[in-house]
Amino acid sequence: MEKRVITLLDIDYVTDNIPVIRLFGKDQDKKPVIALDRSFRPYIYAVPSHLDPCLDELRELGFEKLEVVNKKDLGRPIEVIKIVLKHPQEVPRIREKVKNLEHVQEIREHDIPFYRRYLIDNDLFPMSKIELKGHKIASSPLVASSDVEIIELDEPPRTIKSRFPELEILAFDIEVYNPHGMPNPERDEIIMISLYNGREERIISTEGRHLDFVELVEDEKEILEKFAETIKNSRPALLVGYNSDNFDFPYIRKRADLLGVKLDLGWDGSAIKSIRRGFATATTIRGTIHIDLYPVMRRYINLDTYTLERVYLELFGEKKVELPGDQLWEYWDNKTLRDELFEYSLGDVLATYKIAEKILPLNMEITRIVGQPLFDMTRMATGQQVEWFLIRKAFEYDELVPNKPSPSELQRRRTQRVVGGYVKEPEKGLHENIVQFDFRSLYPSIIISKNISPDTLTYDFEEECYVAPESGYKFKKKPRGFVPSIIGQILDERIKIKNRMKAAEDPMEKRILDVQQEALKRLANTMYGVYGYTRFRWYSVECAEAITAWGRKYIKKTIKEAEKFGFHTVYADTDGFYATYQKK
DNA sequence: ATCACGCGGGG
DNA sequence: GTGTACGCGTGAT
């Protein structure tokens, strides 16, 4: 048996009679490692209406392992039956059977993807270091590539407290010959693929032999082969594109298909795969984390358009070389213009790299807090990120995770409207000597101080409660609610990090801590909004309503108080206001 | 007023 | 894949 430490990058499972979890990571020397864990099994919970008859019913179905466990359901103690199954793929079938049993009230935690369950139950965090205990094997039918080290685990890994991992980014961008408007991969060929890894810029193309950054090849097929070779040789931790989920990768795939090029870029030798995620498609490369910066930027900043050019300008205040997209083919055909096309492509890949370098640290921190893969985190709405964070916390607190809303419940929720923050329309005119007031983390503070949580909401008369303005919703003072205690943890942790940041002398250390506190701040601030997010498992219109009502009360009260001192409010919104001061 | 539809980014 | 996830503006009805 040997011990190894890797940075956990990616995770999935495959089937070898039983489900086998595969952990993809890199060791200290940046060498790729795949660890196999055969010990984990899926499970769901059944909430019995009557315990013993329910157990009998379940035993009749022939489950190998049934276990009565004590959990909490929104704070209330509850006995549930844990049903351990053989394979994740039997869950959908089994859960229908179990759900319809006479003595089963409902089933819970039946829709948690297997790899996510594994990360949560074993307290593992992607983008963190983990210690592997197992033995190296020469080859495995579950890994069809020869350059990656394979380890059979003897037990699940454990997380090691570690510094932020070093970024190892490869950015890429393709250009296409498109004389008929928007490119069509059935017809229009790829003319170049640009790559940048922070040190070396490279364009794989059939032209441009006089340019030192061009790697000249014979034809399009060879462009794709060289691209595949580059990725397989370096096995980068992060491969980054801009709109690459919807454009570059589907295009590359189609062209590779037509030309007979194998895109077996996965560490296990698997082909790249497009996975449908509702309305969107994402491309996965097993092991390497493919990140499309477009959806990341949409969540990160608020702009009216999210072109690479616009985003780059916003982040760096610099213009990027732009060419008219519908005329790129003319730049390719015209020898005197062609170099401009190469420069443009290089500009795009450099911009992509720089954006990644700037905003990925935050996403990596969020990954390290939420504990789900970076690939998923960069494609999740913030409400979903919070939800997965809470699902992990629920496991820690022995809380049963609420089910996702049914379609009818979703529809009902959509009709509910929550009144927002107080807004005083700005007074017209130019105001001088403006004073700004604002609350620090108003909503998170209200959630904590008023203990606002679905598990503290009560309609009983005798309990000691905080009573919300307007609606009169009541929240028990004790015990501390699930969500308030977690926001409390986040804010406490943030204060600790801020203090360490102040004490830190190394500027690198300071930067890392700053990103960590920023991630925690974002998470805390999102917590309020999710109560009103219709798909949220802990959705509560009452909580959302109460938070904004208290918010309105406090801002109005503060404005009134300020006016007593001679301030005149010219504009207010939610958690702050601007005022002029009349006296000297 | 209600609903179906299509768009975003990419070349 | 323990699936099948946005949110908004527009034009037609």
Side-chain angles (χ1 to χ4, degrees), chain A residues 12-15 19 40-45 83-96 98-99 107-118 120 172-185 187-193 241-252 255 273 275-282 284 292-299 303-311 322-332 341 344-345 348 352 376 379-385 387-388 391 401 403-405 407 410 414 533-537:
Chain A
D12 74 349
Y13 84 87
V14 286
T15 304
F40 197 60
R41 296 290 176 274
Y43 61 86
I44 63 172
Y45 293 114
I83 306 170
V84 181
L85 303 168
K86 290 195 187 75
H87 197 282
Q89 276 168 358
E90 65 178 342
V91 173
R93 195 168 39 82
I94 300 285
R95 75 178 162 207
E96 288 312 307
V98 173
K99 195 164 69 181
I107 49 168
R108 299 289 278 274
E109 307 201 13
H110 52 80
D111 54 2
I112 316 262
F114 193 54
Y115 68 93
R116 294 197 177 167
R117 183 89 266 178
Y118 182 86
I120 293 167
F172 81 109
D173 183 38
I174 69 170
E175 307 302 331
V176 166
Y177 187 73
N178 62 326
H180 311 286
M182 268 318 282
N184 174 356
R187 171 189 67 204
D188 303 328
E189 63 175 333
I190 294 170
I191 50 180
M192 58 182 82
I193 297 182
Y242 200 86
N243 202 26
S244 41
D245 269 344
N246 285 305
F247 184 74
D248 301 65
F249 264 126
Y251 209 100
I252 287 173
R255 294 305 294 174
K273 219 158 101 186
I275 53 167
R276 294 202 62 80
R277 302 189 145 212
F279 63 99
T281 312
T284 58
D292 181 354
L293 288 177
Y294 169 64
V296 178
M297 294 318 296
R298 288 195 65 148
R299 261 178 293 116
L303 300 172
D304 48 9
T305 178
Y306 292 88
T307 60
L308 179 58
E309 181 195 19
R310 181 68 188 87
V311 166
E322 277 302 297
L323 292 183
D326 53 354
Q327 285 163 36
L328 292 186
W329 63 281
E330 292 180 54
Y331 283 78
W332 179 252
L341 182 57
Y344 161 78
S345 189
D348 273 9
T352 304
D376 296 354
R379 289 165 178 84
M380 258 184 207
T382 47
Q384 292 278 315
Q385 295 177 350
E387 183 163 289
W388 283 102
I391 290 173
V401 175
N403 287 335
K404 277 195 267 193
L410 204 60
R414 277 195 231 274
Y533 168 50
T534 50
R535 293 182 187 279
F536 190 46
R537 292 175 191 249

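Every chain is numbered from 1 and lettered A, B, ... according to where its sequence line falls, protein lines coming before strand lines.
With rounding to whole Å, A:D111 atom CG is found 8 Å from C:dT4 atom P. Atom CG of A:D245 is separated from atom C1' of C:dA5 by 14 Å (rounded to the nearest Å). The distance between atom CZ of A:R299 and atom P of B:dG9, rounded to the nearest whole Å, is 15 Å. Atom pair A:M297:CE and B:dG10:P shows a separation of 13 Å (rounding to whole Å applied).
Between A:F40 and A:Y43, the ring planes are perpendicular. Angles over 60° get that label, and only those under 30° would be called parallel.
For A:Y242, counting side-chain heavy atoms from C-beta on, the closest listed nucleotide (B:dG9, B:dG8, C:dG3) is B:dG9. Picking from B:dG9, C:dG3, C:dG1 the nucleotide with the shortest atom distance to the side chain of A:Y306 gives B:dG9. Looking at the side chain of A:R535, the nearest of the listed nucleotides C:dC6, B:dG8, C:dG3 is C:dC6. Distance from the side chain of A:I275 is smallest for C:dG1 among the nucleotides B:dG10, C:dG1, B:dG8. Side chain of A:L328, nearest nucleotide from B:dG11, C:dG3, B:dG8: B:dG11. Of the listed nucleotides (B:dG10, C:dG3, B:dG9), B:dG10 has the atom at the smallest distance from the side chain of A:M182. Side-chain atoms of A:P113 lie closest to C:dT2 of the nucleotides B:dG8, C:dT2, B:dG10.
A salt bridge is absent between A:D12 and A:K273; no separation between the charged side-chain nitrogens and carboxylate oxygens falls under 4.0 Å.
The gap from the P atom of C:dC6 to that of C:dG1 amounts to 15 Å, rounded to the nearest Å. Distance check on atom P: C:dA5 versus B:dG11 gives 30 Å, rounded to whole Å.
The aromatic ring of A:F114 is not stacked on the base of C:dT2, since the criterion of ring centres less than 5.5 Å apart with planes inclined by under 30° is not met.
Using a 4.0 Å heavy-atom distance criterion, A:R116 is classed as making no nucleic acid contact. Using a 4.0 Å heavy-atom criterion, one finds that A:E90 contacts no nucleic acid atom at all.
For the pair A:Y13 and C:dT2, the criterion of a side-chain N or O lying under 4.0 Å from OP1 or OP2 is met.
Between A:F172 and A:F249, the distance separating the two ring centers is shorter than 6.0 angstrom.
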